[in-house]
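First comes the structure, then the notes that go with it.
This structure is a prediction, so every number in the text was calculated from the model and none was measured. Within every chain, numbering begins at 1; the chains are lettered A, B, ... in the order of the sequence lines, protein sequences first and strands thereafter.
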Amino acid sequence: MTSVISAQNLSLTFETNDGPVHALSEVTLDIAKGDFVSFIGPSGCGKTTFLRVMADLEQPTGGTVTVNGVSPGAARLARSYGYVFQAAGLYPWRTIAGNIRLPLEIMGYSRADQMQRVAKVLDLVDLNGFEKKFPWQLSGGMQQRASIARALAFDADILLMDEPFGALDEIVRDHLNEQLLQLWAKTQKTIAFVTHSIPEAVYLSTHIVVMSPRPGRVTDVITSPLPRERPLEIRDTPEFLSIAHRVREGLRAGHSYD
Amino acid sequence: MLAVGPMNIRGALDVAERSGAEIVPEGSVPRRDVRVWRLMLDNPDHVAQGYDLKRPRLPTPQQVWSELWKTTGAMVERGRTWSKRSLIYHSWITLNSTLWGFLLGTSIGILGAIAITYSRVADMSVMPWAIISQTVPIVALAPMIIVLSNQVGIEERAVPKAIISAYLCYFPVLVGMVKGLRSPAPAQLDLLKTYNASGTQSFLKLRLPASVPFLFTSLKVGIAAALVGTIVGELPTGAISGLGARILIGDQFGNPFAIWSALFAAAILAGVMVTCLDVLQRVVLSRMGMRS
């Protein structure tokens with residue numbers, strides 16, 4: 001399989017008033033096309049920073065990283081990824097359809113194309129009939145779905161998700177996780193997903209990257225033996241529990257350093 | 001209403017004495033050294049006269065109201081709406097200058113805010129001067145602006161008035177708009193960056209709409225400031241029209257009715273303008289889907 005995202009000895013150090021902070025240190029990682037990769041680790045382990053480097057929102061201070069075979073900057077200009085933030089970040093003055101149209105307007109899609117794409121992604125995230133609603137009329141989970149639709153509206157084949165369900169309650173989160181897997185199966189995107197939750201990471205991912213803080217580095221990469229099609233009940237199987245256990249072990253090992 | 005009694009007691013006693021009444025103490029000069037409360041206690045029969053003086057120090061609300069009616073509604077009834085004695089005419093003159101000043105001040109405020117948001121140099125250089133500009137008393141500055149605009153050959157009185165008005169009004173708009181244009185969260189700006197949006201696009205699609213609620217709040221403060229600016233601008237110009245001129249003329253000719261009715265007219269004018277903006281704000285924000 002071709003590698004979509006490839007990092008070699010990637011390092012990033014923030015210069016702060018309290019001295020340098022090593023957000024990422026010597027991270028080497030490959031993400032293949034169609035993978036669902038979760039990044040898990042405690043706060044400050046650099047998982048979000050790694051995502052931001054891939055999105056060209058942060059500049060690495062060492063090592064190399066390629067996205068779709070080119071630099072993150074070039075990948076951003078080619079609009080090859082969609083980014084979903086922790087907060088849905090919908091514009092309150094735009095309707096749901098208007099929000100999903102935002103990237104399309106900026107990228108200069110034709111009016112007819114915009115309408116067609118909005119309808120298509122609304123269908124993907126199961127928000128049909130809400131296009132004329134304003135964000136405050138929707139629940140938190142629905143808002144986040146709209147924000148995922150916004151990231152899917154243009155043809156990026158990579159989806160970068162930064163704790164998209166972090167602020168939602170457990171039940172909504174389960175539901176959205178299930179939907180996300182269906183979406184992933186339908187669209188064949190490559191997904192990089194940052195999370196705090198072990199069950200979420202294990203349930204969703206083909207690969208789980210366990211990270212540890214200070215300096216941010218990868219302690220373990222687990223390739224999930226679970227099948228790609230996963231009902232929620234899979235979380236009670238021994239395979240699932242053993243992966244979750246390994247993730248927890250990895251997190252604990254990372255923590256023993258400080 | 002309560003203040004009218006003590007404020008007008010001396011005048012009332014003078015009038016009563018002249019018409020032959022017994023007053024304690026006698027004579028207006030010795031009375032100057034006596035407290036008003038004492039005078040009211042010693043001459044209880046004449047307190048009521050203070051509420052019906054021709055030239056009171058403080059007119060009663062009824063007197064102000066009837067003067068206000070005489071110079072507005074009554075003149076409309078007689079078909080003299082635009083007479084030089086009509087407060088509607090004077091209000092219109094003031095309103096006109098206020099609106100021009102408001103337009104000018106708002107434009108300066110918004111442009112300044114855009115400059116501050118997008119340029120570090122402007123951020124560091126414009127803001128301190130804007131703050132300094134507001135610490136200079138406008139009454140000191142107003143005559144200079146009028147003389148200056150006369151010197152450069154501007155005959156129209158409305159121009160310096162509008163400038164003074166704009167001078168007071170741009171500041172709240174500037175401050176509000178800077179806050180508004182900077183209100184989008186970093187994640188919002190990052191999102192636009194991932195779309196590779198141009199500066200113009202992120203301004204038009206994110207910063208500008210995000211600043212609208214801030215803008216309206218500032219505009220309401222701004223228009224009241226613009227009105228004050230215009231009235232102050234009318235005071236030292238020797239202007240003969242406008243609410244400020246009415247206040248000045250009333251002061252010079254000892255006509256408190258004119259002062260107070262002009263003051264009330266100004267207050268009503270301000271109230272109407274702020275209400276108009278409030279209605280506009282509701283309409284715009286509800287169209288933008290935002291709850292105000």
Side-chain angles (χ1 to χ4, degrees), chain A residues 48 51-59 67 72-109 132-138 147 150-151 153-154 156 158-164 167, chain B residues 106 110 113-114 117-118 120 124 173 176-220 277-292:
Chain A
T48 294
L51 214 61
R52 289 176 63 85
V53 168
M54 289 191 265
D56 190 37
L57 295 173
E58 304 285 355
Q59 301 309 316
V67 176
R76 179 169 67 83
L77 296 186
R79 282 139 180 178
S80 47
Y81 66 85
Y83 201 107
V84 179
F85 291 86
Q86 180 170 14
L90 302 171
Y91 291 3
W93 55 87
R94 281 175 174 251
T95 59
I96 295 306
N99 269 291
I100 296 171
R101 218 163 36 228
L102 175 75
L104 305 176
E105 284 173 14
I106 289 172
M107 296 173 190
Y109 284 83
K132 293 216 171 79
K133 297 267 190 252
F134 282 103
W136 58 269
Q137 295 170 302
L138 269 60
S147 119
R150 182 175 59 185
F154 52 102
I158 304 169
L159 203 51
L160 304 177
M161 307 178 88
D162 185 3
E163 290 187 56
Chain B
T106 306
I110 293 175
I114 293 170
T117 312
Y118 279 98
R120 246 186 86 75
M124 297 202 292
V173 177
M177 275 305 274
V178 168
K179 188 127 178 76
L181 290 174
R182 284 184 178 161
S183 66
Q188 296 276 23
L189 295 167
D190 281 346
L191 181 70
L192 285 179
K193 194 177 170 196
T194 68
Y195 300 152
N196 192 26
S198 70
T200 322
Q201 282 172 329
S202 67
F203 177 73
L204 290 176
K205 294 198 189 293
L206 176 59
R207 287 192 194 266
L208 200 60
S211 71
V212 169
F214 294 83
L215 176 66
F216 273 107
T217 314
S218 307
L219 287 185
K220 283 193 237 173
L277 280 175
D278 196 55
V279 171
L280 189 66
Q281 174 181 31
R282 273 162 212 272
V283 171
V284 171
L285 288 192
S286 79
R287 282 212 159 177
M288 287 173 76
M290 287 193 266
R291 293 163 297 175
S292 52

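- In this structure, the separation between CD on Gln188(B) and CG on Leu90(A) is 8.5 Å, given to the nearest 0.5 Å.
- Of the inter-residue distances, the one linking Ile106(A) atom CD1 with Leu192(B) atom CG reads 5.0 Å to the nearest 0.5 angstrom.
- To the nearest 0.5 angstrom, Trp93(A) atom CH2 is 9.5 Å from Leu208(B) atom CG.
- Between Phe85(A) and Asp190(B), the shortest heavy-atom distance links the atoms CZ-CB, 3.6 Å.
- Heavy-atom distances place both the backbone and the side chain of Ala210(B) under 4.5 Å from chain A.
- Annotation: Lys179(B), atom NZ; neighbour count of heavy atoms from other residues, nucleotides and ligands within 6.0 Å does not exceed 12.
- Comparing Pro209(B), Ala187(B), Ala197(B) by how many heavy-atom pairs each has under 4.5 Å with chain A, the most go to Pro209(B).
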Could you walk me through whether Met288(B) and Arg94(A) pass side-chain contact (heavy atoms from CB on, under 4.5 Å), step by step?
CA-CA 7 Å; Met288(B) 287 173 76; Arg94(A) 281 175 174 251; over 6 Å; no

Step by step, work out the side-chain contact (heavy atoms from CB on, under 4.5 Å) result for Arg79(A) and Thr194(B).
CA-CA 7 Å; Arg79(A) 282 139 180 178; Thr194(B) 68; over 6 Å; no

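- Using a 4.5 Å cut-off between heavy atoms, Leu104(A) does not touch chain B at all.
- Distance check, rounded to the nearest 0.5 Å: CG of Asn196(B) to CZ of Arg76(A) gives 5.0 Å.
- Counting only heavy atoms from C-beta outward, the side chains of Gln201(B) and Glu105(A) never approach each other to under 4.5 Å.
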Could you go step by step and tell me if Leu102(A) and Tyr195(B) meet the side-chain contact (heavy atoms from CB on, under 4.5 Å) rule?
CA-CA 9 Å; Leu102(A) 175 75; Tyr195(B) 300 152; 4.1 Å; yes

